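Below, chain A is the first sequence line, B the second, and so on; all start at residue 1. Nothing here was measured: the structure is a model prediction, and the numbers come from that model.
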Amino acid sequence: MKPSLNWDWAQRLLHFGLLRSASLMVPGTHREEWLREWRGELWHVQQACKPMGAVSGRGEREVTAFCLGAFQDAISFKPASSQRKILSIEMEGTASRCLLVLGAILVASYTVSLLLPGVRAEQSLWPRRVNPNLVLIQEDGYNNGSSPTISPTQFRSWSGRRQKYFDGFAFYTVTRETLGPGLESAGLQKVSASNAAWRVARASSNFFVLLGLPAEFAEPAVMAGGDLPKVILSETVWKREFSADPHVAGSTVRFGPRVVRIAGVAPDGSLGLPGRVDAWMLDSDADKESGGAGYVVAHLTAIGAAAMWASCVHITANEPDESQDDLMGVSLEEWRPAPRTLYLFAVFLALLSVPAVTSVSLGEYSPNPLRISWTRRLCLWSFLCAKILLLLPIVYFLSLDLAYGLTTIGRERASLLQLVSSFAIFLAGMWWVLKDQRQRCPVCIRCVAHPAQVGQASRTFLDWNGTEMMCMSGHTLLHVPCVPTSWFGTQRWLYLDPSWRFLFASSGAGWGMPDSPTFDRPLDPLGGNRWPH
Amino acid sequence: MANPAKPSEARLSHTAALILQALDAGFVYGFSIMEMTGLPSGTVYPAMRRLEQDGLIHSHWERQSIADEEQRPQRKYYKLTAAGKITLEASRRRYPLLERLIPNEEAKTV
């Protein structure tokens, strides 16, 4: 008797445990009442299946099966009001819902682009270009700029004399400086390694004026202040070490024994200067303090510009010792497409590629043009245009987010990533737009649903084989062939007559629509009345 | 845009129609409907919740004193609403065998 009692309690514990577990899937506000009802019912089930506490394998199984049913009830338990459910069903697959979703994606991608510092920086830094007619002067034969070749003496000699080909010079040398402790301002706390070695270019104070490249985020007070030497950070360092902080100007850093003040940020890449530089230290005595050779940037006069050939100009310099030196001036102008140009190019390429990934045909919309009013057709085309118009900015902002959101990758890689992502997203987007459009009911522009595979693959050429989908408002039936044949090459629409209404009575089918087509008899592309599957 | 169905137009599944018929026949709680229809608990209870959400049936708890008197847990009872009765009439026309499956007289035996 005792084992039987224990077994009974174990069973009761199991059943109660099942109900309690299932109740965890029910929203908290309804859980207690839900569990109360199931426990009440369980008592009656136990009484019916195991009268007087008798042990019965079948009875136990029935009670357990009853408790397992609680899981199904809990999963499907939705306390939502019926009005909300009806609204949800009514909105499903509609054109307005589709446009709303696209609009939400657009807003989200645009918001992300505003939040990502890398994207903001790209948009603010991009329009900067160096002045035209700028050349980097090097010894002839060192055109790759791999090593500096101009001595400070040469530079002083040229800049001190009136030149026929040039009207401005700037000198710089690149050295390695160790970033020391003693950093000020909150922005500098973000520096990853305070004793990291940076490649610092010590340049003439007129360097950025000659380049015509105002430092971004520079504050006039900082630029004008002469208390400390000024440093212009490279864009890469600014993003990497300062997390693209736009308030970095005014902070100070220590290079070895020297404390310098950050004056702004210079964009990468567009300078076209040799060597990787992390920061530009502006110093009027850069050439005097430099012990070795450096680089010279010069601005060509009109005569000098006319002498340019293939982005180069040959120069013969008269040295102070009356000797002549053969030099080469290489143009600094670098062509790099703007993000917008890259995007447009990618979209153009993707448009050309669309026929390779999907059919550009929208299917056989109206075998009988009289059946669909021109306003409906206009709505259909407007919907297609609206989707494409929403897709374009989505692709632009998403590609910006992907390419420039990561501040750790270089500008060239980011450009490549933007090109690839723009192409891929737009191609995928167009594939979806056309696929979605082909599945829109020509009467209500609602997406067809409930796909049913019909026919047999082995009988493709003898009978109908493909997929059939139905308009959720009950206007149309869409036939999509599995294998296009000469007699059934593309999808076709069957306009349903009121005899189909019984299927849609509960959803209030749109036969009462004012501009619904007239349905004298069903138009069956297969040549007969077909019944829903 | 589709309009919500009027009660008389609502097309119920056979299961839902069976449950309505059982309720109308006097089987007023979940387990009795299960026994009458032969449907499992995982079908009956979710269906009754949907019917309640659609306003075709409504539920109420029996008085605690009754449950205490019979020394058992409190029980929840279901009842057809006016809309449910109209829908059931429409369903009977659609499923003529419904009344034969669960005649109203059977309730007397419960």
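- Contact annotation for residues 69-77 of chain B against chain A (heavy-atom separation below 4.5 Å, listed by residue number): Gln71(B), Arg72(B), Pro73(B), Gln74(B), Arg75(B), Lys76(B).
- Rounding to the nearest 0.5 Å places CD of Gln53(B) at 7.5 Å from CZ of Phe77(A).
- Trp61(B) and Glu33(A) share a side-chain donor-acceptor pair at under 3.5 Å.
- Closest heavy-atom contact between Ser41(B) and Gly69(A): OG-CA, 3.2 Å.
- Considering OG of Ser59(B) and CD of Glu37(A), their distance stands at 7.0 Å, rounded to 0.5 Å.
- No more than 12 heavy atoms of other residues, nucleotides or ligands shown are found within 6.0 angstrom of CZ on Arg39(A).
- A side-chain donor from one of Tyr45(B) and Glu41(A) sits under 3.5 Å from a side-chain acceptor of the other.
- Nearest approach of Ser76(A) to Pro46(B), heavy atoms of both residues: OG-CB, 3.3 Å.
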